[in-house]
There are 2 protein chains.
Amino acid sequence: MKEPNNTRARLLDITFEEIYKSGYNATAIGSILKRANIPKGSMYHFFDSKRSLVLAMIKERLYPKMDAFFDYTPKPDISIYKNFEQTFLMMSRHELMVMYGCPLHRLMVELSAVDVTFDALLLTKYEEMLAGVTTLLKEGVERGEFSRDLDPDSFARFLISSTWGVLSLSPTISSSGEFNKHTKYILTLLTTYKRTD
Amino acid sequence: MKEPNNTRARLLDITFEEIYKSGYNATAIGSILKRANIPKGSMYHFFDSKRSLVLAMIKERLYPKMDAFFDYTPKPDISIYKNFEQTFLMMSRHELMVMYGCPLHRLMVELSAVDVTFDALLLTKYEEMLAGVTTLLKEGVERGEFSRDLDPDSFARFLISSTWGVLSLSPTISSSGEFNKHTKYILTLLTTYKRTD
DNA sequence: ATGTCACTAGACCGTATGGTCTAATCAATA
DNA sequence: TATTGATTAGACCATACGGTCTAGTGACAT
């Protein structure tokens, strides 16, 4: 029996890395193939274009990674505030994230305005993240941890976009320390909505 | 007398627009020339490469525009808080900004990690902005408007990067309304540091 | 009138890139 | 052993792009 063919998998792995680091347009298909030691024929056997290779990479690598990383389920034994705190801590320890920013964001910025298919695909995940963060905040309000003045949806948008903002300055400016200060401000703002009565 | 030759100026104008909308790599030099109705020879008479054309555009168009737009001088008759509020209001009314984000940020994200010359040039302007916002916040602390707990430098970084973050989501997500909510959060956080004693 | 110099004009070139095509492998099955 | 179907291999092609080159053109100075 032929041993499991890992060409497609390796191709997706390396495509993820290259696109993450250099972006879509700046990454030549040839450089991916060279690094992966995979001939062109193989690639065009599995995918019919660079676009569909990257589309598959997004679905089969990027999204699973994000799903494994973020957990939007409110934990009964932990305050929602603490929950956010922990997630930010995890992010700050994720070297790639601090170094290259959020891969979803990078692709959105580069491709959303240009390609409808990418646009739709990437937006879906953004909305999923948004819904997740919103859920957590809603739960916080319902638990009475936060005041009803807190608008979960709009705060979630602020939280995500501002965090993408700092991360997008990497690697030029942003460092782990920079990110931690950012976290502090977000959490301070969140504290503003804590109920004290 | 020959009437003033505006070829170079027009070239820079259109280069600004095209690069702003599509980014550096995605903008072909040919498309700029076509739109401007300028032959290649003219362009290569004034500039020796695409890079130096864009470098000149940054210095002679982008930066002057930013200088004309932002004013970091603390006004004696207006509170620093009000000052920020007004600047955010101006930004929200700037359609291009809300639509395409901050051109400086876009170029930084695309080019900083790649090209040292761009990196240095763009970073300089970022640091200038940062210094400007920091100055305003420092003045606020010195006036006693804000508490000494406010760290001007780090808050300025947060303010800029988070604002770039929302703007970077345009045109897909961000709209004027979105931006206003962002402003609200930033100002709320700033209010946190207001001295009340 | 003529020469000069800044600028215009666009054909042309080399390279990089995405994508195609055909021939070889090779494991599984008949 | 022969056949088949999936996969590998890489030469090859078309195009787009940045950049070069040479020949004009026209205003101004002499």
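Each chain gets a letter, A, B and so on, in the order its sequence line appears, and its residues count up from 1.
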Just checking, is any N or O donor in the side chain of A:Arg106 or A:Ser168 under 3.5 Å from an acceptor N or O on the other one?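 Checked: A:Arg106/A:Ser168 side chains show no N/O donor-acceptor pair below 3.5 Å.
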
Please determine, by modelled atom types, if B:Ser52 and B:Ser49 share a side-chain donor-acceptor pair under 3.5 angstrom.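 Note: B:Ser52 and B:Ser49 side chains meet the donor-acceptor criterion.
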
Candidates [options] - which lies nearest the side chain of [X]:
X: A:Tyr44; options: C:dG19, D:dT8, C:dA9; answer: C:dG19
X: B:Lys40; options: D:dT8, C:dG10, C:dG19; answer: C:dG10
X: B:His45; options: C:dG10, C:dG18, C:dC7; answer: C:dC7
X: B:Phe46; options: C:dC7, C:dG18, C:dG10; answer: C:dC7
X: A:Ser49; options: C:dG19, D:dA6, D:dG19; answer: C:dG19
X: B:Ser42; options: D:dA6, C:dT8, D:dC17; answer: C:dT8

Specify the separation, in whole Å, of atom [atom1] of [X] and atom [atom2] of [N].
X: B:Asn37; N: C:dC7; atom1: CG; atom2: P; answer: 18 Å
X: A:Ile32; N: C:dT17; atom1: CD1; atom2: P; answer: 11 Å
X: B:Leu55; N: D:dG18; atom1: CG; atom2: P; answer: 16 Å
X: B:Ile29; N: D:dT20; atom1: CD1; atom2: P; answer: 10 Å
X: B:Leu33; N: D:dC17; atom1: CG; atom2: P; answer: 12 Å
X: A:Phe47; N: C:dG19; atom1: CZ; atom2: C1'; answer: 15 Å
X: B:Asn25; N: C:dA16; atom1: CG; atom2: P; answer: 15 Å
X: B:Lys34; N: D:dC17; atom1: NZ; atom2: C1'; answer: 14 Å

A:Gly41 or B:Met43: which one's nearest nucleotide on DNA chain C is closer to the 5' end?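 First, find each residue's nearest nucleotide; the 5'-ward one identifies B:Met43.
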
Chi angles and distances behind the side chain to side chain contact (heavy atoms under 4.5 Å, CB included) call for A:Tyr24, A:Val114: CA-CA 12 Å; A:Tyr24 182 86; A:Val114 174; over 6 Å; no

For DNA chain C, find the residues of residues 110-118 of chain B with a heavy-atom distance under 4.0 Å and give them by number; none if there aren't any.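 Heavy-atom cutoff 4.0 Å gives no residues at all.
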
B:Lys194, NZ atom: more than 12 neighbouring heavy atoms under 6.0 Å: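 Counting other residues, nucleotides and ligands, NZ of B:Lys194 exceeds 12 neighbours.
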
Looking at every non-hydrogen atom in both residues, tell me the closest pair between B:Val98 and B:Ser175 and how far apart they are.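 Here B:Val98 and B:Ser175 meet closest at CG1-C, 3.5 Å.
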
Please set out all donor-acceptor pairs under 3.5 angstrom arising from side-chain atoms of residues 135-142 of chain B, sequence neighbours excluded.
from	atom 1	to	atom 2	distance (Å)
B:Thr135	OG1	B:Ala131	O	2.7
B:Glu139	OE2	B:Arg143	NE	2.9

Out of A:Asp77, A:Asp71, A:Thr73, which residue meets the side chain to side chain donor-acceptor pair (under 3.5 Å) rule with A:Lys75?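 Between A:Lys75 and the candidates, side chain to side chain donor-acceptor pair (under 3.5 Å) is satisfied uniquely by A:Asp71.
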
Have a look at B:Ser31 and say if it touches a base, only the backbone sugar-phosphate, or nothing, with a 4.0 Å heavy-atom cut-off.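 No contact at all - B:Ser31 keeps every heavy atom at 4.0 Å or more from the nucleic acid.
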
